[in-house]
Peer 1: 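Structure incoming, see below.
All chains are named by letter (A, B, ...) in the order of the sequence lines, taking the proteins before the strands, and each is independently numbered beginning at 1. Small disclaimer: the values here were computed from a predicted structure and weren't measured.
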Amino acid sequence: MVTNPLTRNIDFSRQPLDLAAYEKSGGYLGLHAIARGLEPADVLDRVKESGLKGRGGAGFPTGLKWSFVPMGEGAPQQKYFVVNADEMEPGTFKDRLLMEGDPHLLIDGMIIASYAIQASKAYIFLRGEYTDSERILRKALAEAYERGYLGKNILDTGFDLDIIMHTSAGRYICGEETALLNALEGKRANPRAKPPFPQVSGLWGKPTIVNNVETICNLPGILAWGIDWYRSLTKGNDHGTKLFGISGKARTPGCWELPLGTPIRELLEVYGGGMRDGLQLKGFLPGGGSTDFMLPEHLDLNLDYDDIAGAGSRLATGTLILLDDKTCPVGMIGNLMTFFSHESCGYCTPCRDGLPWVDEIFREFERGNGTHKDLAILEEHVDYMGPGKTFCALAPGATAPLGSGLRYFREDFERHITEQRCPYKH
Amino acid sequence: MSTMSGQVIASTALPSDYLSDEEIAEIEHERTLYPDTRAVGLEALKIVQKQRGWVSDESLLAVAEYLGLPVAELEGVATFFNLIYRRPVGKNVILYCNSVSCWIMGCDQVREKVSEELGIEFGETSEDGEFTLIPVPCLGDCDRAPVMMVGPDLHRNLDRQDLGELFSRYRNNQD
């Protein structure tokens, strides 16, 4: 029984599996099921039943997302499927691993998803800096075309699919799906107003599904080995496995596929090897730079969407960033604010004006000029840029580490003010 | 004559063969992949940049004219994205990750060594024209931080690297 469907073929000591080897390992079974008569609606039902949730950060149920695409004769003929491979969430390094480790798994999943919504064109929106991913995926795409798994009338199903590689010119906001669509259309990547949602009116006004790389890589297994198998993988409430990562000062940082519901402590201590000698864990971001801090007291929670939400944060990308007791929390949050400030698309005022202001205040703290009034201004911005007050989720994402950091590491902010310097610098 | 009309004349005075055959072939290929010319605009800028290193005013105008896109709109796109360079860059662009995981692992200290080695700060090009140093958001290899790219190549665990040796490999590469 396969227990690691996402990474079972990944071995960086050799080249990724080519199409023949991938197929021999149990790949493209979904496509063959489609060729034997599996209907798009069947695929949708299976994905819905699997309980798969989006792995890009938001955790939205994948089947439900697909179900909003208008299907049938009255629906627009042209539909699009888009892979969000624009991995740029700070501290997130999981999609690269999948694309460079097992490129056919992504293509396999893309065919399944495109078939389910009857999209004849799919784009891979790839981080421009991921040059190795591009090379590896292009090679795998060429193989899939040659084998007749892409192109016209795939395996006599009457289904056509072209996959087009698009390398991004680079902006974090492109991870937001409507901004990504604008970028694909060659426009400035400002997010769009919703509704209409992309499922109804997306790329060039046509129904479009945007899914994250890891989400798509779950699909081949679901079709090959079934719902019961998929639902049995988990240790918790959510289904399947997920890639979990650790960066920061652990002994053995890395990225591993584990069942959802694995205790955080197990990830950190067994896989990450615990903290480096002489360091204590002070806190961590559980799913990239736009999640709320969690504390050592949360280590016995499980890596599960609800458990993490219960602690006031989000599982999001599942890549933990560790804050140790010798690293300045104010500096760490300041680094994140510089990032968010730079990556704001500038469209709405709270984000465009608020983030640079917050960033500048952090620089003042760094210089030893922080005041209590500054602290109050930071507190206010957690609210000004919070959920519901901005056009998209970028600035609210920034308020996650900011607000939780102000709450959990208050003493460190205070020390910067009273000592008029960063107490972590010697 | 106003400056503005002077610029218009300059734009129309571009030689009609400004874009190379190779560039045009690549742009035409991109045209087959997107149903709308506007989408090709950004791709064309990337193509021109690949050939010429950066996107000059002349290149921007040539692309806009070739595709029939408004210049201002294309400029808006060109200046939005991190990886379109509207100023000349060195032979090797260094994309230096300064996001949070690299920061925790000491990227600021390593960056000082990089600057010392090359004599440049962020946004600058070395005197020999070999290197331009630019900060970049998270490069997605955080378990091997700090990391940077030099041209198309990713370099990991920079705190353990001999930077002088690393850069000299690029200096000596005359392709």
Peer 1: Can you tell which of B:A145, B:C142, B:S101 has the highest number of heavy-atom pairs within less than 4.5 Å of chain A?
Peer 2: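 The option with the most such pairs is B:C142.
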Peer 1: If we only count heavy atoms from C-beta on, is the B:R38 to A:K187 side-chain gap below 4.5 Å?
Peer 2: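 They are in side-chain contact.
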Peer 1: Looking at chain B, which one of A:T131, A:L203, A:D132 has the largest number of heavy-atom pairs inside 4.5 Å, strictly under?
Peer 2: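 Maximum pair count with chain B is reached by A:T131.
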Peer 1: Flag yes if more than 12 heavy atoms outside B:R87 fall under 6.0 Å of its CZ atom; otherwise flag no.
Peer 2: no
Peer 1: Side chain, backbone, both or neither: which part of A:I173 has a non-hydrogen atom closer than 4.5 Å to chain B?
Peer 2: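 When you check distances to chain B, only side chain atoms of A:I173 fall under 4.5 Å.
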Peer 1: Among B:E43, B:E30, B:E73, which residue forms the greatest number of heavy-atom pairs with chain A at distances under 4.5 Å?
Peer 2: B:E43
Peer 1: Out of A:G248, A:S168, A:G186, return the one with the most heavy atom pairs under 4.5 angstrom to chain B.
Peer 2: A:G186
Peer 1: What part of A:R276 gets within 4.5 angstrom of chain B, counting heavy atoms only: side chain, backbone, both, or neither?
Peer 2: side chain
Peer 1: Pick whichever of B:D153, B:I84, B:V77, B:D108 has the most heavy-atom pairs under 4.5 Å with chain A.
Peer 2: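 Ranked by contacts with chain A, first place is B:V77.
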Peer 1: For the interface with chain A, which of B:W103, B:F80, B:F81 has the highest count of heavy-atom pairs at distances below 4.5 Å?
Peer 2: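 Ranked by heavy-atom pairs under 4.5 Å with chain A, first place is B:F80.
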Peer 1: Pick whichever of A:L336, A:T319, A:T252 has the most heavy-atom pairs under 4.5 Å with chain B.
Peer 2: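 Of the candidates given, the most pairs with chain B belong to A:L336.
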Peer 1: Nearest 0.5 Å please: distance from the CG atom of B:L42 over to the CG atom of A:N182.
Peer 2: 12.0 Å
Peer 1: With a 4.5 angstrom heavy-atom cut-off, is it the side chain or the backbone of A:K94 that approaches chain B, or both, or neither?
Peer 2: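 Contact with chain B involves no heavy atom of A:K94 at all.
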Peer 1: Picking from A:E89, A:R171, A:M88, what satisfies side-chain contact (heavy atoms from CB on, under 4.5 Å) with B:P137?
Peer 2: A:M88
Peer 1: For A:A169 and B:K46, which heavy atoms make the closest approach, and how far apart are they?
Peer 2: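 The answer is CB-CD, 4.3 Å.
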Peer 1: Side chain to side chain contact (heavy atoms under 4.5 Å, CB included) between B:D143 and A:F93: does it pass, once the steps are laid out?
Peer 2: CA-CA 8 Å; B:D143 53 344; A:F93 52 108; 3.4 Å; yes
Peer 1: Does B:D21 have more than 12 heavy atoms from other residues, nucleotides or ligands lying within 6.0 Å of its CG?
Peer 2: no
Peer 1: So B:Y34 and A:W204, would you call those rings parallel, tilted or perpendicular, with 30° and 60° as cut-offs?
Peer 2: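 Ring orientation of B:Y34 relative to A:W204: perpendicular.
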Peer 1: Can you tell me which portion of A:C345 sits under 4.5 Å from chain B's heavy atoms? Options are side chain, backbone, both or neither.
Peer 2: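 Looking at A:C345, backbone and side chain both touch chain B.
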Peer 1: Taking every non-hydrogen pair under 4.5 Å, which of A:G272, A:A189, A:G346, A:G331 racks up the most with chain B?
Peer 2: A:A189
Peer 1: Which atom names give the shortest non-hydrogen contact between B:V100 and A:P90, and what distance separates them?
Peer 2: CG1-CB, 3.8 Å
Peer 1: Do other residues, nucleotides or ligands put more than 12 heavy atoms under 6.0 Å from the CD atom of B:Q51?
Peer 2: yes
Peer 1: Looking only at atom types and distance, does a side-chain atom of A:R96 sit under 3.5 Å from a main-chain N or O of B:D141, one as donor and one as acceptor?
Peer 2: no
Peer 1: Could you walk me through whether A:H342 and B:N98 pass the side chain to side chain contact (heavy atoms under 4.5 Å, CB included) test, one step at a time?
Peer 2: CA-CA 12 Å; A:H342 184 262; B:N98 62 352; over 6 Å; no
Peer 1: Say you draw a straight line from CD1 of A:I164 to OG1 of B:T32; how long is it, rounded to the nearest 0.5 Å?
Peer 2: 7.5 Å
Peer 1: Do other residues, nucleotides or ligands put more than 12 heavy atoms under 6.0 Å from B:Y18 OH?
Peer 2: yes
Peer 1: Specify which of B:G76, B:P135, B:C97, B:C102 makes the most heavy-atom pairs with chain A at under 4.5 Å.
Peer 2: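 Winner by heavy-atom pair count: B:G76.
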Peer 1: If you draw a 6.0 Å radius around CD in B:E22, do more than 12 non-hydrogen atoms from other residues or ligands fall strictly inside?
Peer 2: no
Peer 1: State, to 0.1 Å, how close A:Y80 and B:P35 come at their nearest heavy-atom pair, and which atoms those are.
Peer 2: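 For A:Y80 versus B:P35, the nearest heavy atoms are OH-CG, 3.7 Å.
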Peer 1: Quick check on B:L33 against chain A: is it the side chain, the backbone, both or neither that has a heavy atom closer than 4.5 Å?
Peer 2: both
Peer 1: Give, as side chain, backbone, both or neither, the part of A:A250 having an atom under 4.5 angstrom from any heavy atom of chain B.
Peer 2: neither
Peer 1: Indicate yes or no: at least one non-hydrogen side-chain atom of B:I104 is less than 4.5 angstrom from one of A:D324.
Peer 2: yes
Peer 1: For B:E165, does the CD atom sit with more than 12 other heavy atoms under 6.0 Å from it, leaving out its own atoms?
Peer 2: yes
Peer 1: Run A:R127 and B:L139 through side chain to side chain contact (heavy atoms under 4.5 Å, CB included) and show every step you take.
Peer 2: CA-CA 9 Å; A:R127 181 88 193 265; B:L139 286 171; 4.1 Å; yes
Peer 1: Quick one: what part of B:L154 sits under 4.5 Å from any heavy atom of chain A, side chain, backbone, both or neither?
Peer 2: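 Contact with chain A involves the side chain of B:L154 alone.
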Peer 1: What closest approach, in Å, do B:C138 and A:T92 show between heavy atoms, and which atom pair accounts for it?
Peer 2: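 Closest approach of B:C138 to A:T92: SG-N, 4.1 Å.
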Peer 1: Pick one of side chain, backbone, both or neither for A:T338, based on which atoms fall under 4.5 Å of a heavy atom in chain B.
Peer 2: neither
Peer 1: Using non-hydrogen atoms and a 4.5 Å limit, figure out which bit of A:F340 sits close to chain B: side chain, backbone, both or neither.
Peer 2: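 Looking at A:F340, nothing touches chain B.
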Peer 1: Let me know if B:V40 has heavy atoms under 4.5 Å from chain A in its side chain, its backbone, both or neither.
Peer 2: neither
Peer 1: Quick check for you: among A:H166, A:E134, A:E343, which has the greatest number of heavy-atom pairs under 4.5 Å with chain B?
Peer 2: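 That would be A:H166.
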Peer 1: Could you walk me through whether A:E129 and B:L83 pass the side chain to side chain contact (heavy atoms under 4.5 Å, CB included) test, one step at a time?
Peer 2: CA-CA 9 Å; A:E129 292 90 338; B:L83 298 180; 3.7 Å; yes
Peer 1: At a heavy-atom separation under 4.5 Å, does A:F339 approach chain B through its side chain, its backbone, both, or neither?
Peer 2: side chain
